[in-house]
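What follows is a single structure, written as structure tokens, with notes after it.
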Amino acid sequence: MDIFSFGIEFTDEVSCRVHFKEQCDKEGVICNRCGGSQHYWLKNKWAYQCKSCEARQTLKSGTIMENSNLSFLLWYKTFCLMSATKKVFSSKEIQRQLGLKRYEPVWAMVHKIRDAMGQRDERYTLEGMIEADEGYFTVEPSAVERGKQKAGRGSKSKSNVMIMVESTILEDLETGAIDRQCRYFKAKVLENHKADGTDDTIKNAIDGETSIVFSDKSTSYLNIADYVDIHITEKSSERTTKETLKWVHIAIGNAKRDLQKFHKIKRKYLQLYLNEFIYKLNRRYFGDKIFDRLVIASITATGN
Ligand SMILES: [Zn+2]
């Protein structure tokens with residue numbers, strides 16, 4: 001949804017609430033006391049009342065907005081900003097756009113939305129032919145890391161990220177030229193450069209039964225072959241960059257470029273920024289629908 005259409009549809013707090021309630025009803029409201037799914041709507045209180053146990057819950061209850069004091073209108077404006085462009089907005093910029101004095105609530109809201117985006121994408125696994133490679137993203141070293149770090153060596157301020165993409169080989173019947181078409185992407189921050197943990201991360205991201213994974217030799221410490229149909233590794237070369245791992249390399253490059261403007265991403269928040277980047281990338285053909293999808297993601301995500 002572009003900002004002009006947003007301004008016409010969502011003129012005030014009530015219009016946002018009405019839209020949000022419609023989406024909640026579509027998804028199904030679950031009582032947080034007894035698990036019941038039948039509710040009365042208490043119009044004057046903007047709350048649901050469970051038909052079995054009479055427990056009441058607000059519209060925000062059970063959604064990522066649950067503990068937020070920000071209005072629905074502010075949340076909706078943020079959904080609009082975060083879905084209107086391919087760029088990843090900084091919380092500072094969103095704070096400026098919303099005209100709010102305090103930074104912390106905006107920061108918390110934006111991170112919750114990024115978390116909801118990640119949870120949404122976790123519902124899907126990649127299948128078919130998959131390119132996989134690791135990218136090293138610059139992060140702000142923690143105080144402990146800074147203490148340990150030797151002068152001139154920045155390796156401690158890199159975070160290891162596994163990027164995967166479904167990539168179908170297309171052959172031009174006339175020329176015989178081979179190209180690859182990409183579909184869905186995933187990006188996972190890896191805890192360390194070891195197989196344990198990392199293997200699980202990839203296992204959960206891929207439908208192993210149907211998948212053929214392409215990677216270069218740098219991922220040889222992983223046991224990918226154990227849980228996918230076929231794992232093909234190739235020594236890094238110009239060919240792997242331009243052909244076999246074309247899309248994964250493009251994604252790593254774009255993600256790095258997009259995240260570069262956040263000068264100090266802490267290691268523990270890197271996944272959240274990647275969530276937003278990947279969420280938008282996976283919905284690059286959604287157009288206007290991405291706004292509604294983001295509202296639904298905010299309802300179905302589990303808060304923390
Ligand atoms: Zn109940």
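- The environment of Glu66 atom CD is dense: over 12 non-hydrogen atoms of other residues, nucleotides or ligands sit within 6.0 angstrom.
- In this structure, Lys256 forms a cation-pi arrangement with Phe137, its terminal cationic atom sitting closer than 6.0 Å to the ring centre and no more than 45° off the ring axis.
- Taken from CD1 in Ile230 to OG in Ser211, the straight-line distance is 10.0 Å, to the nearest 0.5 Å.
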Q.
If you apply the rule side chain to side chain donor-acceptor pair (under 3.5 Å), what do you find for Thr233 with Asp216, and how did you get there?
A. CA-CA 5 Å; Thr233 57; Asp216 62 26; over 6 Å; no
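- By the 30° and 60° cut-offs, the orientation of the rings of His111 relative to Tyr269 is tilted.
- In this structure, the side chains of Val248 and Phe214 stay at 4.5 Å or more apart for every pair of heavy atoms.
- Going from atom OG1 of Thr125 over to atom NZ of Lys203 covers 14.5 Å, rounded to the nearest 0.5 Å.
- Heavy-atom contacts from other residues, nucleotides or ligands closer than 6.0 Å to NZ of Lys261 number more than 12.
- Open room surrounds CG on Asn69; 12 or fewer heavy atoms of other groups in view lie less than 6.0 Å from it.
- Note on Leu294: it clusters hydrophobically with Val18, by side-chain heavy-atom contacts below 4.5 Å among ILVMFWY residues.
- Residue Thr300 holds its OG1 atom at 9.0 Å from CD1 of Ile64, rounded to the nearest 0.5 Å.
- By the rule that hydrophobic residues join a cluster once side-chain heavy atoms approach within less than 4.5 Å of another member, Leu98 and Leu70 end up as members of one cluster.
- Using modelled atom types, one side-chain atom of Lys60 and one backbone atom of Ser68 make a donor-acceptor pair closer than 3.5 Å.
- With a 4.5 Å cut-off on side-chain heavy atoms, Trp107 and Gln95 do not count as touching.
- Taking a cutoff of 4.0 Å between a charged side-chain nitrogen and a carboxylate oxygen, Lys26 and Glu22 do not qualify as a salt bridge.
- Using a 4.5 Å heavy-atom threshold, the side chains of Cys31 and Cys53 count as touching.
- Other residues, nucleotides and ligands place more than 12 heavy atoms under 6.0 Å from the CD atom of Glu104.
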Q: Could you check Ser167 against Glu131 for side chain to side chain donor-acceptor pair (under 3.5 Å), going step by step and ending with a plain yes or no?
A: CA-CA 6 Å; Ser167 151; Glu131 301 174 25; 2.6 Å; yes
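- Cation-pi geometry between Lys51 and Tyr40 is met: the NZ or CZ atom falls under 6.0 Å from the ring centre, inside 45° of the normal.
- The line from CD1 of Ile113 to CD1 of Ile94 is 7.0 Å long, rounded to the nearest 0.5 Å.
- Residues Glu166 and Trp247 are not in side-chain contact: their nearest non-hydrogen atoms beyond the backbone lie 4.5 Å or more apart.
- Below 30°, between 30° and 60°, or above 60°: for His19 and Phe291 the angle between ring planes is between 30° and 60°, a tilted geometry.
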**Q.** CA sep, side-chain torsions, deciding dist, call: Ile212, Val228, side chain to side chain contact (heavy atoms under 4.5 Å, CB included)
**A.** CA-CA 7 Å; Ile212 301 170; Val228 302; over 6 Å; no
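- Geometrically, Arg283 engages Tyr279 in a cation-pi contact, judged by NZ or CZ lying under 6.0 Å from the ring centre and within 45° of the ring axis.
- Residue Ser37 comes nearest to Ile30 through the heavy atom pair CB-CD1, 4.2 Å, listed as atom of the first residue, atom of the second, then distance.
- Salt-bridge check for Glu122 with Lys188: passed, with a basic side-chain N closer than 4.0 Å to an acidic carboxylate O.
- Residues Tyr124 and Asn282 are not in side-chain contact: their nearest non-hydrogen atoms beyond the backbone lie 4.5 Å or more apart.
- When side chains are defined from C-beta on, Phe262 counts as touching Val88, because their heavy atoms get closer than 4.5 Å.
- For Asp179 and Lys246, the salt-bridge test passes: some basic side-chain N is under 4.0 Å from an acidic carboxylate O.
- One hydrophobic cluster, built from ILVMFWY side chains closer than 4.5 Å, cannot hold both Ile296 and Met82; they sit in different ones.
- Remark: Lys21 is not positioned above the aromatic ring of Trp46, lacking an NZ or CZ atom under 6.0 angstrom from the ring centre and at most 45 degrees off the axis.
- Between Tyr76 and Phe79, the ring planes are perpendicular. Angles over 60° get that label, and only those under 30° would be called parallel.
- Using a cut-off of 4.0 Å between Lys/Arg side-chain N and Asp/Glu carboxylate O, Glu276 and Arg114 are scored as salt-bridged.
- The line from OG1 of Thr138 to NZ of Lys158 is 3.0 Å long, rounded to the nearest 0.5 Å.
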**Q.** Intermediate values then yes/no, side chain to side chain contact (heavy atoms under 4.5 Å, CB included), Phe72 and Ser15
**A.** CA-CA 9 Å; Phe72 280 91; Ser15 47; over 6 Å; no
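- Placement of Leu42 and Leu59 in two distinct hydrophobic clusters is found when ILVMFWY residues are connected by side-chain heavy-atom separations under 4.5 Å, directly or transitively.
- Gln23 and Glu27 form no side-chain donor-acceptor contact under 3.5 Å, judged by distance and modelled atom types alone.
- Applying the 6.0 Å contact sphere to CD1 of Ile178 captures more than 12 heavy atoms from other residues, nucleotides or ligands.
- Between Ser159 atom OG and Leu190 atom CG the span is 8.0 Å, to the nearest 0.5 Å.
- Looking only at atom types and distance, the side chain of Tyr48 has no donor-acceptor partner in the side chain of Asn32 under 3.5 Å away.
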